[in-house]
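All of these numbers come straight from a predicted model, not from anything done at the bench.
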Amino acid sequence: MGSQGGWGQSKEFLDLVKSIGEARSKAEEDRIVLSEIETLKRRIAEPDVPRRRMKEYIIRLVYVEMLGHDASFGYIHAVKMTHDDSLSLKRTGYLAVTLFLNEDHDLIILIVNTIQKDLRSDNYLVVCAALTAVCRLINEETIPAVLPQIVELLGHPKEAIRKKAVMALHRFYQRAPGSVSHLISNFRKRLCDNDPGVMGATLCPLFDLITADPSSYKDLVMSFVSILKQVAEKRLPKSYDYHQMPAPFIQIKLLKILALLGSGDKQASEQMYTILSDIFRKGESTSNIGNAILYQCICCVSSIYPNTKSLEAAADATSKFLKSDNHNLRYMGIDALGRLIKINPEIAEEHQLAVIDCLEDPDDTLKRKTFELLYKMTKSTNVEVIVDRMIDYMININDHHYKTEIASRCVELAEQYAPSNHWFIQTMNKVFEHAGDLVNVRVAHNLMRLIAEGFGEDDEGADSQLRSSAVESYLRILGEPKLPSVFLQVICWVLGEYGTMDGKCSASYIIGKLCDVAEAHANDDTVKAYATTAIMKIFAYEIAAGRKVEMLPECQALIDELSASHSTDLQQRAYELQALMGLDVHAVESVMPLDASCEDIEVDRSLPFLSSFVQQSLEKGARPYISESEQSGMSHVNIFRSQDLHEVSGHTLRFEAYQLPKPAPPASAPIAFAPPTDLVPVSDPTYARDIQPPPKVPSSLDALSADVGVRLRLEGVQKKWGKPTYSSSAASSSSSTSQKTVNGATHLDGVGSMSAQARDNLYDSRRQQVEVSAEKQKLAASLFGASSSKNEKKPSSHKTIKGSAGNVEKPTTMVKAVTSSEPTEKTSVPPPPDLLDLGEPAPETKPSVDPFQQLEGLLGPAPVQSTPDSSVVAGPREPDLMALYSDIPMTNLSGTSTNPTATNFYAVSKNPQGATNVSTLKKGPNPQDSLEKDALARQVGVTPSGKNPNLFRDLFG
């Protein structure tokens, strides 16, 4: 191999691989790898590393990652290698990246551009490498970036590119089905591709699509059958053969697809019978891949509409599997037999001895599969043998998961096919005794309910016999040293309900047994609670019968112990038992009625006995109860109502979402509201050509507030979004449509070299030489029966309690938004301003007001230019917000221009000539102090000009 190695690698790398392979322990291997990591960290960080040497370093990093160590320090170098122009280096980089990174890694964004460039490359090997990386690294967010290019590659002249493009689209469908939902037709087109590899790759996404919706692809049945026929007739190139089987994996995928399309469809299934018979006839059972095709063909026959000839061919193939000495083939035979008996139960009778052999096989996997088959074959004639076999197997295994599954199956079969009451009780006792607490608690409750209700329809004698046998068996089982908690709860309940009813056992004897149970399980409060309640029932039964019950010392000791218990539940049960023993016969019959466990308790949800109490409380002024659904509906109604009552509720807390201020309707009397302290009224900018005659000034403060919105003062503050500007932006006049959800409704506001025939002959001769034992014949007769041909299902001899659940539909409340009425007087009303609207306005002309002059006016007094018509208001009046904080009563506000209290405390208005008028008053808080406190925040982005050289000195005081 030379000093450089056989693959162009250095001797250092080959020594690394050799030393790791010769490591004698995991600790020695970790030491070698950690030393290699330190070496790679040092060498990769060196400047001007040759590209060939960097390629080897990346391969060594891959080796380190494969051994379970962290090589994240070299990820970025692998990403850089994908940008290389050399094909060898680029493919090495893509290989490393696909092994290092996952689809959510932070470095994925760095290779998306590289993948896009490589997908357009003229070298198809580069495109193949990029498509391989796409399948591993592109996530749902980056699919749109490469999807158009991959769709174009479906028509690439190279079949390898088309195949990988189909695989990439399939991967996109698995990650985000909605991203390629409009490209499903491309899969249908590629199914007719001239290259078998592209066609085989298309079968995988079509299988997923047909699994989700078989009815949409029924028209492709003939196409799939035609393809399968061509494959079976060996029309594909020899390169697709595997162990002399023509394209076996394409055949298996096609058989799976046909099984989905033919399920329950007779017309579609009829098109498949011929090709399935041909596959059975040509099938080779001398290799594993041939047996795999036969097994998949059996699965297809068991799924589609049944046909006699196809079922016979499937049964013959199943027989060959069961007669094999290979455990894998026998496992396949058991599974196939379980599928076929669903269609024709008579098939199982032909393989009785084979099933018995599998049941007694030491291979645990084969034995479990056989039990699954017997579970499907169970009927009233063989339930005893099958359940007994399952219980025996359950006793000898230690796998808790499978033991739980076996126990649940035994319970299910016993409830469905129980031949007698006595056998049912004994079977359930065995299951509880050996499965322990693995049995579901629901099974114990069902057993207690079934014993209470009885198995007979109207035969009380049969029910009494059942309960007596249960009591006898439970008294005998109590002698066992260790019993599960769930089983003890059942025993205590049965002894308390029916322990003394038949008269065979005295009350003192049953009470003594229950006291022993409570004493033996002192740490289990649930068992002690069941035992205490059972003792209470026995005392009640004896007192109601007029017999005197002797208080046993152990019973009195138990009561004393429970009375001082830390559990309040046990204390209550002990006190109830003491109180019960002091009652007379009539009181006991009322408190503890006989055999009342089966009585249905009717619950009236309206609670009519509370009507008088509720009425009295309402008369005393209590608030009526409002249900949760009504509360949800009223909360939405309150949101709409608050829009019109905003001024009234201005001084209260608001719990609805922030909304744009709406123009208030004209009111007859002024309504005071508390404005935010950080807002000041600002009039909309007025331009020369937009000046209109002054409208009539309203006489109330509400009318003023309806005309002018309240906005944040943004003059002189540079905007962080949009184009740089210092002018105030006009409020957006576009209204948004909100959606509100009310109660869920949305509204607008091989094996061997011999032939199959020789194997069958060998098996038959072996069977003739070995005489079948009488025990196996007897077991087979009990399992499969002699004359029964159909799976009988005996109706359950005990009652089944079914719960009924009603569909409760919540009413959907439709709430309509209440809109404010239009003002009756025709005035120019500006649109409501948006407090958070920082968008760039598009004025027709530039404002004639210098913002720096306005800012100077805000920070200090400026000479006011007097004009002859200064008293005339050129537009709507601004609301006097600051005057609301003065000491002048609200009744003195008249809203006229001559009233000093109604004049803006601090208002900036513009006359037609563009002059700025600033008027100030001495009453109320000084806005200059407030502005100076916020000067640091308001100076952001402001640049001093020649007209205002002392701007920053004024801002910072």
Of all residues at least two apart in sequence or in a different chain, which pass the side chain to side chain donor-acceptor pair (under 3.5 Å) check with [X]?
X      : value
Arg53  : none
Glu270 : none
Ser216 : Asp213

Requested in this report: Report the C-alpha distance between Thr211 and Asp208 in whole Å, list the side-chain angles of each, state the deciding distance to 0.1 Å, and finish with yes or no for side chain to side chain donor-acceptor pair (under 3.5 Å).
Outcome: CA-CA 5 Å; Thr211 303; Asp208 292 347; 5.2 Å; no
Requested in this report: Compare every heavy atom of Cys297 with every heavy atom of Leu276, then report the nearest pair and how far apart it is.
Outcome: CD2-SG, 3.6 Å
So which pairs with a foot in [range] pass ring-ring contact (aromatic ring centres under 6.0 Å, His included), sequence neighbours left out?
range            : result
residues 155-175 : none
residues 102-143 : Tyr75-His105
residues 189-222 : none
residues 247-302 : Tyr242-Phe249

Listing request: all salt bridge (charged side-chain N to carboxylate O under 4.0 Å, His left out) pairs with a residue in [range], at least two apart in sequence or in separate chains.
range            : result
residues 281-305 : Asp278-Arg281
residues 214-223 : Arg188-Asp219, Lys218-Asp265
residues 140-158 : none
residues 193-206 : Arg162-Asp193, Arg190-Asp193

Query raised in the report: Is any side-chain heavy atom of Ile44 less than 4.5 Å from a side-chain heavy atom of Leu61?
Result: yes
**Report entry** Basic-acidic side-chain contact under 4.0 Å: Glu46, Arg43
**Finding:** no
Requested in this report: Any side-chain hydrogen bond (donor to acceptor under 3.5 Å, both in side chains) involving residues 94-103? Give me the pairs, sequence neighbours left out, ordered by first then second residue.
Outcome: Tyr94-Asp118, Glu103-Arg175
Query raised in the report: Do Asp70 and Ser72 have a side chain donor and acceptor closer than 3.5 Å?
Result: yes
Report task. Quickly, which of Asp335, Ile334, Ile298, Asn328 forms a side-chain contact (heavy atoms from CB on, under 4.5 Å) with Phe321? Name it, please. Result -> Ile298
